[in-house]
Amino acid sequence: MARRRRPAPAERRILRVCNPSPEPARALDDLLAPPQTLATESPEYLAALAQGFGLAQDAALPIMGLAAAGFGGYCEAFTGLTGSHGFIGYPLCAELAQYGLMQAGVETLADEMTRKFPQFTGPSDGDSADAAAAMNKELDRLNVRARFHRMAEFCGYFGGGLLYMRLRGAAGADLTKPISISPEYIGRDSLEALVPVEPISVGPLAYNSTDPLRNDYFQPNQWFVTGTGPVHASRFLRFIKNEPPLILRPAYNFLGIPDVQTAWDYLLHFTETRESAARLLKKFSLTVIKTNADAVLYGGDDSDVRKRIAHLARERDNDGVYAINYDDEDMVQLNTPLAGVTDIVRQSLELLACVWRIPVVKFLGVSPGGMNATGESDIRSFYDHVGSQREKIFGHPLEQLAKVMQLSLFGEIRDDLSYAWPSLWEVTERERSEVAKINADTDAIYLDRGVVDQEAVRAALASDKDGRFAGIDPEAVPDPPLVEQDVDTPLSGLPGFAEEPVVVRNVDRAGEVPE
């Protein structure tokens, strides 16, 4: 591809940030360069970039006014949020991963996204059912669910991750070659394992930075892996959640903005609020003794006064008694009002849950308040968000992995196999019984009115996998019950009936509950 060669050090453009306190000059290529990782610091990586190419589109930045203020100053001029832009780096991301509130946010989302994982299905006729069972078994062998859970964690902690598809016989120089998802390249039993690769272990190599009309614009086609060397991007499944703007992609290692970086500011505010409340709680009560303090104020002998104060502090107790001089001493208790402090601390914590887009009842385990409050609407909204995130983060990688798995198992990509993400909302037994009762009443009305026959109803019951009658034979219709009439009618004279009169009643009993 046409790339623009990185300028020599003497030719590199320099940006000076115009701030009240002068900062050292910053090179534009350094300002927007990828972050430091274990891969970018290795000599092999530097050797791979020996012919180095810089950003081809960065010449337009001085036109945008960055030549005078720098990229950081340019952002501050519009937002006024000092320190809110720029990648914080993988070491700090790893440090934030140790905080309990950060873990609660990342792990909750990762757990919910993989709590219910797709299963392959196919038509019951032919060998489709066997093929679907083989694919589901392959999912278990490759531990796909756990690998995707790990990728969801990487998206939260580091902004994204790479899942390496290890193919049989691929090593050395072969890793630099692209793979084609076709039977000619991926043979039977060639997919050996899936290996998660943490972002700090990789660095980008060549990428298209000249043609915005191509699909690979600002998308690395090769990654440098620590201890391995260059590996083609087609051998990885790329997981990303919050992709940054184009100009910031190199600064984020061509992955995404970590969730912990987004929540960091809110965590700091909550920590400050919580510590302030703790200090206020520790000092909210103050005991004042009104006494002659001339000796303390004007340099006299204040030993007696200090002894009395020390004695009060030492012996102060709810069950204690303190004696003071009736004529010239008095004692006053000053208490700082604490009303509203709890609400302030709780609000700062709920703002953190808002950033994670997790309901408080799930994030903190706090039951919703108010009459008849259940939090059901919040949970449903949260599950909708998780469902959209599953499609966004896992959709394309799972589609590519399914094709590779089919080629490895069957030598072809089958059109009769499919999968779908199951719903996260679980219906209670009571709700399931109520729905079944409504459906039974509806079916009974249709039968009485002659809209459908018994075989159609039995077929519907057999197709309900979660129902009580799943898998029954639709054609094995039982004998119909005796038909009842409204009027007593002797049928003894008719063929096939007994001598005694039979009383029948023809009444629509759909929905009737027996006593």
Side-chain angles (χ1 to χ4, degrees), residues 1-6 33-56 90 138 141-144 147 150-151 154 160-211 214-240 249-250 253-255 396-397 399-409 411-413:
M1 65 182 68
R3 300 292 304 279
R4 185 167 147 190
R5 186 174 297 276
R6 182 185 295 273
Q36 293 182 350
T37 66
L38 298 177
T40 58
E41 293 300 309
S42 63
E44 294 81 1
Y45 181 80
L46 300 178
L49 294 179
Q51 60 177 2
F53 297 98
L55 301 177
Y90 292 127
E138 185 72 358
R141 184 187 72 84
L142 297 174
N143 205 8
V144 175
R147 295 292 184 262
R150 190 58 174 163
M151 290 298 104
F154 283 173
L162 300 175
L163 191 60
Y164 173 66
M165 297 182 293
R166 190 173 68 198
L167 301 179
R168 185 180 66 250
D174 293 337
L175 297 178
T176 62
K177 301 176 182 178
I179 63 173
S180 174
I181 303 181
S182 61
E184 291 75 18
Y185 191 89
I186 301 178
R188 299 287 294 268
D189 301 326
S190 59
L191 183 58
E192 295 182 346
L194 300 176
V195 183
V197 182
E198 195 166 315
I200 198 172
S201 300
V202 300
L205 286 175
Y207 59 91
N208 169 31
S209 63
T210 59
D211 188 0
R214 291 175 50 178
N215 292 332
D216 62 346
Y217 186 56
F218 270 76
Q219 300 289 342
N221 53 36
Q222 279 192 358
W223 294 89
F224 187 89
V225 182
T226 303
T228 301
V231 180
H232 199 271
S234 60
R235 297 179 179 271
F236 293 101
L237 298 175
R238 179 171 171 264
F239 295 79
I240 185 172
R249 288 182 187 176
N253 205 21
F254 291 92
L255 293 173
H396 181 69
E399 180 182 355
Q400 296 296 104
L401 177 61
K403 295 178 181 179
V404 175
M405 290 172 55
Q406 292 181 58
L407 291 174
S408 179
L409 287 176
E412 62 177 351
I413 299 177

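Heavy-atom basis, side chains included; hydrogens, waters and symmetry copies ignored.
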Value for NE2 (H232) from CG (D174), rounded to nearest 0.5 Å, stands at 13.0 Å
Start with the C-alpha gap between L237 and M151, add the side-chain angles, then the distance that decides, and say whether side-chain contact (heavy atoms from CB on, under 4.5 Å) holds.
CA-CA 10 Å; L237 298 175; M151 290 298 104; over 6 Å; no
L142 and R147: which non-hydrogen atoms are nearest, and at how many Å?
O-CG, 4.0 Å
Minimum heavy-atom distance between P220 and A233, given as atom pair plus value
O-CB, 3.4 Å
OG/S182 to CD1/I413 distance, rounded to the nearest 0.5 angstrom?
8.0 Å
Return yes if some donor-acceptor pair links the side-chain N/O of T226 with the main-chain N/O of S201 below 3.5 Å, else return no.
yes
Ignoring hydrogens and angles, tell me if any N or O in the side chain of R141 forms a donor-acceptor pair with the backbone of E192 under 3.5 Å.
yes
Looking only at non-hydrogen atoms, find the nearest pair between S408 and S190 and report the distance.
OG-N, 3.2 Å
Under 3.5 Å, is there a donor-acceptor pair between the side chain of R168 and the main chain of D189?
yes
Between CZ on residue R214 and OG on residue S209, distance to nearest 0.5 Å:
10.5 Å
Point-to-point distance, once rounded to the nearest 0.5 Å, from CG of L194 to CG of N143:
9.0 Å
Between N253 and P204, is any pair of side-chain heavy atoms under 4.5 Å apart?
yes
Sidechain-backbone polar pair: R238 side chain, G161 backbone, donor-acceptor under 3.5 Å
no
Smallest heavy-atom separation, P196 atom then L163 atom, equals N-CD1, 3.6 Å
Criterion ring pair (Phe, Tyr, Trp, His ring centres under 6.0 Å) on F154 and F239, from CA distance to verdict
CA-CA 9 Å; F154 283 173; F239 295 79; 9.4 Å; no
Counting C-beta onward and ignoring hydrogens, is there a side-chain heavy-atom pair between L401 and L191 closer than 4.5 Å?
yes
Which class fits the ring pair F236 and Y164: parallel under 30°, tilted 30 to 60°, perpendicular over 60°?
tilted
Taking the side chain as C-beta and beyond, is there a heavy-atom pair between R235 and L175 under 4.5 Å?
yes
Got a second to check how far M165's CE is from L167's CG, nearest 0.5 Å?
6.5 Å
Here the gap from L255 atom CG to L162 atom CG, rounded to the nearest 0.5 Å, amounts to 6.0 Å
Minimum heavy-atom distance P250-F218, with the two atoms named
CG-CE2, 3.8 Å
From CA spacing to verdict: side-chain contact (heavy atoms from CB on, under 4.5 Å), I181, Q400:
CA-CA 8 Å; I181 303 181; Q400 296 296 104; 3.0 Å; yes
